[in-house]
Amino acid sequence: GATLQQFFPSGLIAPNNLSETNISNTTYVMFTVDATNGATPAVNDTINAYYIKESDVTALTDGPLTGACTVTDGSAVVTGIADTTKCAAGQIITLSRDNAGSEVRQTNYIVSVDSGTQITLAVNVNLTGFSGTAYFTKGSIYYISDSDFPLGSANLSIIGRFVSLNGYVYIMTVSGRIYNSDLNSISSWSSTGFTNAQMSPDRGRTLAVYKNHIMAFGERSIEFFRDEGNATGSPLQSVPELFIRLGVRNEKHVTSLEDTLCFMANTSEGSNTICIMDGFQPKPISTPDIDYVISKIGPTNFELKAMRLNGKLCLLVNRLNTSTSQEFITLVYYVEDGIWGEWKVNEALTAADYTHPWQFPMG
């Protein structure tokens, strides 16, 4: 039952692009937060990255914590905490001048847990000159603070989802660079751990894992990489013979379908069609009618999801930003049957009524 929002302190933008990995028998959920809150990050936007440990969610090992503390304006040291047992380095923490959190606040992260009552933060406390008894709220969110992790300077704005392969975690930048973490780590990154998707002059959009390869999606290209186990630099090596001249508009247009992958292809001419990977080649599965609906409403108004329903593997093309019930539709592709259908609410209903898609007949 715990939701992600329970582990976020107040003051942070909602997370996006959740993905997960398993390292040393611990599951981690990784995601990004666009500090500039733009639709598609520019090459120098600041996109912060975070993760959650499974143990913090299931057992609340280093879970949510609130209480009083003592702060000194201009100092990173916070004292007077009743018990720091649930505090951990890297966790996001919000300080406030009053217990309701309605006055001046500051969002920070923990650098070290110094004792049972004291922590040190990354940035000096700044509650507009206030010193004395303050209040804190700490969730279970960890900030990736390694200085070698790309954070928006020098054209290194990250974009899309984290992916993992063979113990490494990868993230892409808008300029097409692919960074990797240290082996079996999320928080540690190397200054030389990167490679570039460069077979086409393109903007990076997202990464995906297909079979034992990393797919680097650009706006109009897909470059494949495999793990070569290089001793230095990036473990990845480009596989030129698998290059595809199709891309995606954003990360929401890529989803996994169990052992394969599906994406809404964006061509160099700007048209869109939905493809499923067959071997290492994209196989179009959308009909002219489906392509027309997507084009008419606008491809950025849809996202791809996958689910099993009554034993059927379904690709869901969900409508976003709906304003009327007439627009609130989900196009459904039944993978095993190779046919399309539609889930839709009745004309008189609203988006709030669209809660159980299996109630709607296929049309």
Side-chain angles (χ1 to χ4, degrees), residues 15-21 28-36 38-51 144 146 148-182 185-186 189-210 212-228 230 233-240 242-256 261 263-266 277 303-304:
N16 198 10
N17 303 328
L18 274 70
S19 56
E20 68 178 19
T21 187
Y28 297 84
V29 177
M30 305 166 291
F31 55 93
T32 60
V33 171
D34 186 351
T36 58
T40 300
V43 292
N44 59 350
D45 279 358
T46 298
I47 313 295
N48 295 323
Y50 304 86
Y51 62 92
I144 299 180
D146 193 311
D148 293 318
F149 185 82
L151 286 174
S153 60
N155 298 335
L156 297 180
S157 173
I158 60 175
I159 191 170
R161 297 186 182 96
F162 285 94
V163 297
S164 58
L165 182 67
N166 298 340
Y168 291 97
V169 175
Y170 296 92
I171 191 69
M172 196 180 199
T173 70
V174 179
S175 58
R177 181 171 287 186
I178 304 170
Y179 278 82
N180 62 272
S181 69
D182 292 346
S185 177
I186 291 179
W189 297 68
S190 168
S191 61
T192 60
F194 64 85
T195 188
N196 294 286
Q198 55 189 9
M199 291 192 66
S200 175
D202 206 355
R203 296 290 192 189
R205 284 298 174 255
T206 192
L207 298 176
V209 174
Y210 177 64
N212 59 340
H213 287 65
I214 297 286
M215 294 176 70
F217 283 87
E219 199 168 30
R220 291 182 174 86
S221 66
I222 306 172
E223 189 169 345
F224 287 77
F225 293 83
R226 62 173 171 242
D227 187 348
E228 289 290 332
N230 302 318
S234 173
L236 299 180
Q237 179 67 44
S238 177
V239 188
L242 297 180
F243 178 76
I244 298 172
R245 291 194 178 278
L246 294 172
V248 296
R249 293 178 182 268
N250 59 58
E251 71 283 347
K252 296 184 185 300
H253 289 174
V254 182
T255 191
S256 295
L261 193 108
F263 64 98
M264 186 187 295
N266 182 43
M277 292 301 294
E303 66 175 350
L304 302 189

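Position 1 is the first residue of the sequence, and the numbers go up from there.
- With sequence neighbours excluded, no residue satisfies side-chain hydrogen bond (donor to acceptor under 3.5 Å, both in side chains) with Thr255.
- Note that the CZ atom of Phe162 and the CG atom of Asn17 stand 9.5 Å from one another [nearest 0.5 Å].
- Here NE2 of His213 is found 10.0 Å from CE of Met277. Values are rounded to the nearest 0.5 Å.
- With sequence neighbours excluded, the residues forming a side chain to side chain contact (heavy atoms under 4.5 Å, CB included) with Arg220 are Asp202, Asn266, Ser268, listed by chain and number.
- Nearest heavy atom pair, residue Asp148 against residue Tyr179, reads O-CE2, 4.0 Å.
- Remark: Tyr170 engages no residue in a ring-ring contact (aromatic ring centres under 6.0 Å, His included) (not counting sequence neighbours).
- Applying the side-chain hydrogen bond (donor to acceptor under 3.5 Å, both in side chains) rule to Ser191 yields no partners; only residues at least two apart in sequence or on another chain are considered.
- When each of Ile214, Leu207, Leu165 is tested with Phe225 by the rule side chain to side chain contact (heavy atoms under 4.5 Å, CB included), just one qualifies, namely Ile214.
- Between Leu151 atom CG and Asn48 atom CG the span is 6.0 Å, to the nearest 0.5 Å.
- Residues that satisfy the side-chain hydrogen bond (donor to acceptor under 3.5 Å, both in side chains) test with Ser175, not counting sequence neighbours, are Thr173.
- Nearest heavy atoms, Leu246 versus Ala265: CD1-CB, 4.0 Å.
- Heavy-atom minimum distance, Ser234 versus Asn180: CA-OD1, 3.5 Å.
- Remark: Tyr168 engages no residue in a ring-ring contact (aromatic ring centres under 6.0 Å, His included) (not counting sequence neighbours).
- At least one side-chain heavy atom of Pro235 sits under 4.5 Å from a side-chain heavy atom of Asp227.
- Glu223 and Ser200 share no donor-acceptor pair across their side chains, judged by distance under 3.5 Å alone.
- Note on ring orientation: taking the six-membered ring where Trp is involved, the planes of Tyr50 and Phe31 are parallel (angle under 30°, cut-offs 30° and 60°).
- Surrounding CZ of Arg203 are at most 12 heavy atoms belonging to other residues, nucleotides or ligands under 6.0 Å away.
- For the side chain to side chain contact (heavy atoms under 4.5 Å, CB included) test, residues two or more places apart in sequence or in another chain that qualify with Asn44 are Ala42.
- In this structure, the salt bridge (charged side-chain N to carboxylate O under 4.0 Å, His left out) partners of Arg226, at least two apart in sequence or on a different chain, are Glu228.
- Judged by distance alone, the side chain of Arg161 and the main-chain N or O of Val254 form a donor-acceptor pair under 3.5 Å.
- Listed by chain and number, the residues in a salt bridge (charged side-chain N to carboxylate O under 4.0 Å, His left out) with Glu219 are Arg205 (sequence neighbours excluded).
- Here the closest heavy-atom approach between residue Leu261 and residue Ser256 is recorded as CD1-OG, 4.0 Å.
- By the ring-ring contact (aromatic ring centres under 6.0 Å, His included) test, Tyr51 is found to be paired with Tyr28, Tyr142, residues two or more places apart in sequence or in another chain being considered.
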Requested in this report: Given side-chain contact (heavy atoms from CB on, under 4.5 Å), test Ile186 with Ser181 step by step and report yes or no.
Outcome: CA-CA 6 Å; Ile186 291 179; Ser181 69; 6.0 Å; no
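- The two residues Ala197 and Met172 make their nearest non-hydrogen contact at CB-CE, 4.4 Å.
- In this view, Thr21 and Ser164 satisfy the side-chain hydrogen bond (donor to acceptor under 3.5 Å, both in side chains) rule, not counting sequence neighbours.
- Partner of Phe217 under the side chain to side chain contact (heavy atoms under 4.5 Å, CB included) criterion, out of Asn250, Ile244, Val248, Ile159: Val248 alone.
- The side chain to side chain contact (heavy atoms under 4.5 Å, CB included) test applied to Ser157 returns Pro41, Asp45, Ile47, Val174, not counting sequence neighbours.
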